[in-house]
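Below is one structure; the comments refer to it alone.
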Amino acid sequence: MTTATKNINVFIADPLSEDGIFPLRQEQDLDLNIIVDTGLAPEQLIAKIADVDVLLVRSQTTVTREVIEAAKNLKLIGRAGVGVDNIDLAAATEHGIIVVNAPDGNTNSAAEHTIAMMTSLARHIPQAFNTLKNGKWDRKSYVGVELKNKTLGVVGFGRIGVEVAYRAKGQRMNVMAYDPFLTDERAKELGVTKATVEEICEAADFITVHTPLLPETRNLINKEKFAMMKDGVRIINCARGGIINEDDLYDAIVAGKVAGAALDVFVSEPATDHKLLTLPQVIATPHLGASTIEAQESVAVDVSNDIIKFYKTGTVTNPVNMPSIPKELLAQVEPFFELAEKLGSFLSQLTTEPVKEINLSYAGEVANYDVRPLTSNALKGLLAKNHGNHVNDVNARYLSERIGMKINEHKTTTAKGFTSLITIEIITANETHTVAGTLLNGLGARIVKVEDYVVDVIPQGHLLYIKNTDKPGAIGRVATKLAEKEINIATMQVGRAQVGGTAVMMLTVDNVVTEEDLVFVAQLENIDEVKAINL
């Protein structure tokens, strides 16, 4: 849990609904200093952000790497909306800054706007209105098409895409949907036809896009896709400029392949002089998909609540640059967070060499969960020795991959007698070390195996890890030697692979063991290795 004892500077860089930030203003348990300063040029924002803890933006402010590097105290960036293409996610992740958004707040608004645009496109409503305003009563030029019995292709079937489909089905349209995560069962449940992008292009009368703008979705609808489409297809984009190649769309309209397009977004905005706007078949709005009173309030409320949650619990509801897990699933995996981190920390103190590879095995019930946050916690524990507080849940995997560490995850239902078991192995140029841990009902976390030795150790406090030859007197000599240094033994666990072979002792002691103390113990007969582990 994160405890805020000092003033928390929350900087709001874009205009937000006052009702939306009301949760921040009424918060009593946190000392929040809310600063509203909008319309800043990049250099002005950089000059003011050094002591900011939380930065809250919409779409106007671009949060660049330079802004992030100038913000020495920044812990969280909140985007009051869905898209985060105005935030340098790589830089935020590298610096351990959580980015949150509000994926649900404008869902209804964006879906309604999409349907409004599609209907207006089908019936030429904006063009007819402009003609009428100019004093001309022209009914013949604006004969439209009905939506009933037409096929709508929805490319991107997340929250907004699903809501669009609900409304389209209310218009008695046939709906085809593409999404990489759409299952046959989910499609059947929603009454839509699961399809590929290509199948949608070939069959749909209307096509609307609702994917995020990613490298793989940029120019997703291009001249090759337009060539597959029916003559007279109509295109709607109320998602992100760049999903549809604008030059190719222009050419397809001019060639008569596309009957019309309804656009709320463009690659570069404002887009007042865009060539698409010169075509009479195009209708457009200035990025109004989320511009309703309800949506603007809702997205700001969602982000405000996430800020409060972060400072009270250390977790957020809508993270963008770290694994997002539904609340009910998070409750199942969260008890393993500390165990995973302790196991990683334990291993980091067994070697002085750089770790080249880490293998994480999740066995038993824990294998049924989303283990990505457990891996992040294990990596955080492993890297903390060298990176200190700079490493956290957000950047642990990034930092590991940046130093060239190979990360492997494995799941199995076989837990070797435990309900759940987490086993972590690290490989360096010359060494391999392994530790395993579990949660015991009512007793908490336990380390149950170190290398090939079975133990039962609580992963906390000051530990001594000792390898010795399994001969009589070894344990007594260690205890006597520690007593000479006034180091009190709280608990002791021993393990061996075979009689007379190598054995291990795991001691919990009351004091920090110094390097001098380690050398003192290591000089004993039959003692092969002594390491201090601080958890």
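Nothing here was measured: the structure is a model prediction, and the numbers come from that model.
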Sub-4.5 Å side-chain heavy-atom contact between His95 and Leu74
no
Taking the six-membered ring of Phe520 as reference, does the NZ or CZ atom of Lys485 fall below 6.0 Å from its centre and within a 45° cone about the axis?
yes
Measure from the side-chain N and O atoms of Thr438 to the backbone N and O of Thr419, and report whether any donor-acceptor pair falls under 3.5 Å.
no
Hey, is NZ on Lys411 packed in by over 12 heavy atoms from elsewhere, all under 6.0 Å?
yes
Looking only at heavy atoms, the pair that brings Ala102 and Val82 closest together is O-CG2, 3.7 Å
Does any non-hydrogen side-chain atom of Val450 lie less than 4.5 Å from one of Val504?
no
How about Ile293: does its CD1 atom have over 12 heavy atoms from other parts shown lying under 6.0 Å from it?
no
Determine, step by step, whether Lys188 and Glu185 satisfy the salt bridge (Lys or Arg N to Asp or Glu O under 4.0 Å) criterion, reporting the C-alpha distance in whole Å, the side-chain angles of both residues, the deciding distance to 0.1 Å, and the verdict.
CA-CA 5 Å; Lys188 183 177 181 181; Glu185 292 76 15; over 6 Å; no
Using modelled atom types and a 3.5 Å cut-off, is there a donor and acceptor pairing between side-chain atoms of Thr428 and backbone atoms of Pro354?
no
Tell me if a side-chain donor or acceptor on Asp53 pairs with a main-chain N or O of Asn9 at a distance below 3.5 Å.
yes
Which atom pair, heavy atoms only, marks the closest approach of Glu27 to Ile308?
OE1-CG2, 3.6 Å
At what distance, to the nearest 0.5 angstrom, does CG of Leu24 lie from CG of Asn33?
11.5 Å
Parallel, tilted or perpendicular: ring planes of Tyr465 versus Phe346, cut at 30 and 60 degrees
perpendicular
Within the supplied structure, the quantity of interest is the number of heavy atoms (other residues, nucleotides, ligands) at a distance under 6.0 Å from Glu515 CD; does it exceed 12?
no
Would you say the side-chain atoms of Asn106 pair up with the backbone N or O of Ala290, donor to acceptor, closer than 3.5 Å?
no
Tell me, yes or no, whether the heavy-atom count around Glu486 atom CD, taken from other residues, nucleotides or ligands under 6.0 Å, exceeds 12.
no
Under a 4.5 Å cut-off applied to non-hydrogen side-chain atoms, are Val54 and Phe310 in contact?
no
Identify the two heavy atoms, one from Ile487 and one from Asp517, that lie closest to each other, and give their separation to 0.1 Å.
CD1-OD2, 3.6 Å
If we only count heavy atoms from C-beta on, is the Asp184 to Lys194 side-chain gap below 4.5 Å?
yes
Could you measure the distance from the CG atom of Asn468 to the CG atom of Asp470? Nearest 0.5 Å is fine.
7.0 Å
Steps toward side chain to side chain contact (heavy atoms under 4.5 Å, CB included) verdict (Val316, Lys309)
CA-CA 6 Å; Val316 293; Lys309 182 177 180 180; 5.6 Å; no
Residue pair Val333 / Leu374, side-chain heavy-atom distance below 4.5 Å:
yes
Value for CG (Leu347) from CD1 (Ile426), rounded to nearest 0.5 Å, stands at 4.5 Å
Any side-chain to backbone donor/acceptor pair from Asn321 onto Val99? Under 3.5 Å, distance only.
yes
Assess the residue pair Glu66 and Thr64 against the criterion (side-chain hydrogen bond (donor to acceptor under 3.5 Å, both in side chains)); give the C-alpha distance rounded to whole Å, side-chain angles, the decisive distance to 0.1 Å, and a yes or no.
CA-CA 5 Å; Glu66 290 73 22; Thr64 63; 3.3 Å; yes
For side chain to side chain contact (heavy atoms under 4.5 Å, CB included), just list the numbers for Val100 and Arg79, CA-CA rounded to whole Å, side-chain angles, deciding distance to a tenth of an Å, and then say yes or no.
CA-CA 6 Å; Val100 299; Arg79 164 68 165 94; over 6 Å; no
Thr412: side chain to side chain contact (heavy atoms under 4.5 Å, CB included) partners, not counting sequence neighbours:
Ser361, Ala363, His410, Thr414
Given Glu431 and Thr351, is the side-chain hydrogen bond (donor to acceptor under 3.5 Å, both in side chains) satisfied, shown in steps?
CA-CA 8 Å; Glu431 302 172 350; Thr351 184; 2.7 Å; yes
Salt bridge (Lys or Arg N to Asp or Glu O under 4.0 Å): pairs with one or both residues in residues 339-351, sequence neighbours excluded:
Glu341-Lys380
Within this structure, what is the NZ-CD1 distance for the pair Lys406 and Ile358, rounded to the nearest 0.5 Å?
13.0 Å
Backbone N/O of Leu16 and side chain of Glu18: donor-acceptor pair under 3.5 Å:
no
Test item: Asp306 side-chain N/O and Asn101 main-chain N/O as donor-acceptor pair under 3.5 Å
no
If we only count heavy atoms from C-beta on, is the Asn305 to Thr317 side-chain gap below 4.5 Å?
no
Rounded to the nearest 0.5 Å, the CE atom of Met505 sits from the CD1 atom of Ile489 at a distance of 9.0 Å
Who are the side chain to side chain contact (heavy atoms under 4.5 Å, CB included) partners of Ala91, not counting sequence neighbours?
Arg65, Ile68, Asp88
For Ala378 and Ile424, the nearest pair of non-hydrogen atoms, with its separation, is CB-CD1, 3.8 Å
Crowding at CD, Glu338 (>12 non-hydrogen neighbours, <6.0 Å)
no
Donor-acceptor check, side chain of Gln493 to backbone of Asp456, threshold 3.5 angstrom: yes or no?
yes
Has Glu451 got a side-chain atom pairing as donor or acceptor with Thr434's backbone, closer than 3.5 angstrom?
yes
Shortest non-hydrogen contact from Gln60 toward Pro15
NE2-CD, 3.8 Å
Under 6.0 Å from the CZ atom of Arg218, do we count more than 12 heavy atoms belonging to anything else shown?
no
Evaluate the side-chain hydrogen bond (donor to acceptor under 3.5 Å, both in side chains) criterion for residues Asn359 and Asn408: first the C-alpha distance (whole Å), next the side-chain angles of each, then the deciding distance (0.1 Å), finally the verdict.
CA-CA 5 Å; Asn359 298 305; Asn408 304 305; 2.7 Å; yes
Taking all non-hydrogen atoms of both residues, which atom of Leu350 and which atom of His433 are closest, and how far apart?
O-NE2, 3.6 Å
Set out, in order, the CA-CA distance, both residues' side-chain angles and the distance that settles side-chain hydrogen bond (donor to acceptor under 3.5 Å, both in side chains) for Asn108 and Arg167, then state yes or no.
CA-CA 11 Å; Asn108 186 73; Arg167 288 160 175 77; 2.4 Å; yes
Determine whether Ser420 and Leu439 make a side-chain contact, defined as any pair of heavy atoms from C-beta on separated by less than 4.5 Å.
no
Could you state the interatomic distance from CG (Leu382) to CG (Asn377), rounded to the nearest 0.5 Å?
12.5 Å
Verdict with reasoning, Phe336 to Gln332, per side chain to side chain contact (heavy atoms under 4.5 Å, CB included)
CA-CA 8 Å; Phe336 293 93; Gln332 295 172 328; over 6 Å; no
Over 12 foreign heavy atoms within 6.0 Å of CD, Glu484:
yes
Judged by atom type as modelled, is there a donor-acceptor pair below 3.5 Å linking the side chain of Ser298 to the main-chain atoms of Ala295?
no
Within the structure provided, determine whether Glu216 and Thr211 are in side-chain contact (heavy-atom separation under 4.5 Å).
no
Hey, mind stepping through Ile407 and Glu401 against side chain to side chain contact (heavy atoms under 4.5 Å, CB included) and telling me if it holds?
CA-CA 8 Å; Ile407 304 166; Glu401 293 173 345; 4.1 Å; yes
